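Each remark here refers to the structure printed beneath this line.
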Amino acid sequence: MTAKYSATVVVDAEPGVQEVTSPISIRVSKVWNEVGGKQVVLTDPLKAGEQLTKGIDMSLINTNSVKQLLTGAQGTNISTATLNKLKENLPQNITGTADYKTADGNHYYYDFWLDSVDSNNTKYGEPVTVNYTASLKWAKKDMVTSEN
């Protein structure tokens with residue numbers, strides 16, 4: 001009697017190694033506060049280098065494909081190839097949600113453009129810094145009504 005068989009080797013993760021998803025931290029790399037060639041003075045404008053914690057729809061960034069790319073064995077390095085793939089999966093342009101109003105009744109918002117993904121030996125479980133540039137855009141002007 002002859003028996004034919006095949007075997008598949010399954011490698012289990014090391015005991016105690018946990019799979020984690022790295023969060024995304026968004027930083028503003030550059031800011032343009034000019035509209036139509038004129039500098040706009042805002043009370044609290046964005047500044048280059050600061051973390052962006054509000055003013056954008058994070059669901060555009062925290063997609064399932066992005067989460068899959070940022071999930072791996074805790075403490076291991078995220079490869080440069082994975083970070084490059086991450087950059088391809090992130091939105092290239094995001095329209096800001098925050099309203100910036102000036103004293104003269106004009107309203108502005110920021111458009112954000114993907115600049116880079118930091119790749120300085122980030123490990124799974126640590127925040128991955130994504131850099132977006134910010135460009136101020138005019139939205140509208142308040143209508144003045146007068147009573148006679």
Side-chain angles (χ1 to χ4, degrees), residues 4-143:
K4 292 184 181 182
Y5 63 91
S6 66
T8 304
V9 176
V10 178
V11 178
D12 289 333
E14 291 181 41
V17 175
Q18 191 176 1
E19 287 246 319
V20 293
T21 302
S22 292
I24 289 184
S25 172
I26 299 176
R27 187 174 63 207
V28 180
S29 57
K30 296 175 191 154
V31 181
W32 287 275
N33 286 324
E34 286 186 5
V35 176
K38 294 182 182 180
Q39 187 74 18
V40 177
V41 179
L42 300 174
T43 304
D44 191 19
L46 291 178
K47 295 170 191 69
E50 74 180 344
Q51 295 296 118
L52 188 60
T53 57
K54 60 182 180 178
I56 61 169
D57 182 357
M58 286 300 289
S59 69
L60 298 172
I61 291 174
N62 290 322
T63 63
N64 286 335
S65 61
V66 166
K67 288 177 186 174
Q68 285 178 341
L69 286 168
L70 295 179
T71 300
Q74 185 169 13
T76 60
N77 284 340
I78 301 173
S79 71
T80 302
T82 298
L83 293 172
N84 288 337
K85 185 94 171 151
L86 172 65
K87 188 173 179 181
E88 293 171 12
N89 280 270
L90 290 169
Q92 300 299 303
N93 174 250
I94 301 172
T95 299
T97 59
D99 180 39
Y100 295 85
K101 183 178 176 185
T102 57
D104 61 2
N106 283 296
H107 293 259
Y108 298 88
Y109 65 93
Y110 283 100
D111 263 351
F112 298 94
W113 297 89
L114 183 60
D115 186 16
S116 64
V117 174
D118 284 356
S119 58
N120 51 352
N121 296 324
T122 304
K123 297 177 180 356
Y124 287 106
E126 298 174 352
V128 173
T129 302
V130 176
N131 300 293
Y132 276 87
T133 62
S135 179
L136 195 65
K137 303 292 180 192
W138 182 81
K140 65 180 181 176
K141 183 168 177 78
D142 291 335
M143 300 301 290

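This one's a predicted model, so the numbers in the text were calculated from it and none came from an experiment. Keep in mind that the numbers below use all heavy atoms, side chains included, and drop hydrogens, waters and symmetry copies.
Shortest non-hydrogen contact noted between Glu126 and Pro23 is O-CD, 3.9 Å. Leu46 approaches Glu50 most closely through the heavy-atom pair CA-OE2, 3.1 Å. Here the closest non-hydrogen pair linking Thr82 and Leu69 is CG2-O, 3.3 Å. Pairing each heavy atom of Gln92 with each of Lys87, the nearest pair is NE2-O, 3.4 Å. Across every non-hydrogen atom of Asp118 and Arg27, the tightest pair is OD2-NH2, 3.3 Å. For Tyr110 against Ala134, the heavy-atom pair with the smallest separation is CD2-CB, 3.7 Å.
No donor-acceptor pair under 3.5 Å is formed between the side chain of Lys137 and the backbone N or O of Val35. Ser22 places no side-chain N or O within 3.5 Å of a backbone atom of Pro127 that could act as its donor or acceptor partner.
For the atom pair OG1 of Thr97 and CD1 of Ile56, the computed distance is 8.0 Å after rounding to the nearest 0.5 Å. Between Thr21 atom OG1 and Lys67 atom NZ the span is 8.0 Å, to the nearest 0.5 Å. Ile26 CD1 to Asp115 CG: the interatomic distance, rounded to the nearest 0.5 Å, is 12.5 Å. Taking OG from Ser79 and OH from Tyr124, the interatomic distance works out to 6.0 Å, rounded to the nearest 0.5 Å. Taken from CD in Glu19 to OG1 in Thr76, the straight-line distance is 8.5 Å, to the nearest 0.5 Å. To the nearest 0.5 Å, the span separating CG on Leu90 from OH on Tyr132 amounts to 4.5 Å.
Each of Thr95, Ile94, Thr133 was checked for a side chain to side chain contact (heavy atoms under 4.5 Å, CB included) with Asp111, and the lone residue meeting it is Thr95.
Contact check for Leu136 versus Trp32: no side-chain heavy atoms found under the 4.5 Å cut-off. Counting only heavy atoms from C-beta outward, the side chains of Val128 and Leu83 approach each other to under 4.5 Å. Considering only heavy atoms from C-beta on, Asn33 stays 4.5 Å or farther from Tyr100 through its side chain. Side-chain contact between Asp142 and His107 is present, with heavy atoms from C-beta onward closer than 4.5 Å. Between Leu114 and Pro91 the shortest side-chain heavy-atom distance does not fall below 4.5 Å.
Residues Asn131 and Ser116 bring a donor and an acceptor atom of their side chains to less than 3.5 Å of each other.
Considering only residues two or more places apart in sequence or on other chains, Thr102 meets the side chain to side chain contact (heavy atoms under 4.5 Å, CB included) condition with Val40, Leu42, Asp104, Asn106, Tyr108.
Atom NZ of Lys38 sits in a sparse spot, with 12 or fewer heavy atoms from other residues, nucleotides or ligands closer than 6.0 Å. For Lys85, the NZ atom counts as loosely surrounded, since its 6.0 Å shell holds 12 or fewer non-hydrogen atoms of other residues, nucleotides or ligands. Surrounding NZ of Lys141 are more than 12 heavy atoms belonging to other residues, nucleotides or ligands, all under 6.0 Å away.
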Steps toward side chain to side chain contact (heavy atoms under 4.5 Å, CB included) verdict (Ile24, Val66): CA-CA 9 Å; Ile24 289 184; Val66 166; 3.5 Å; yes
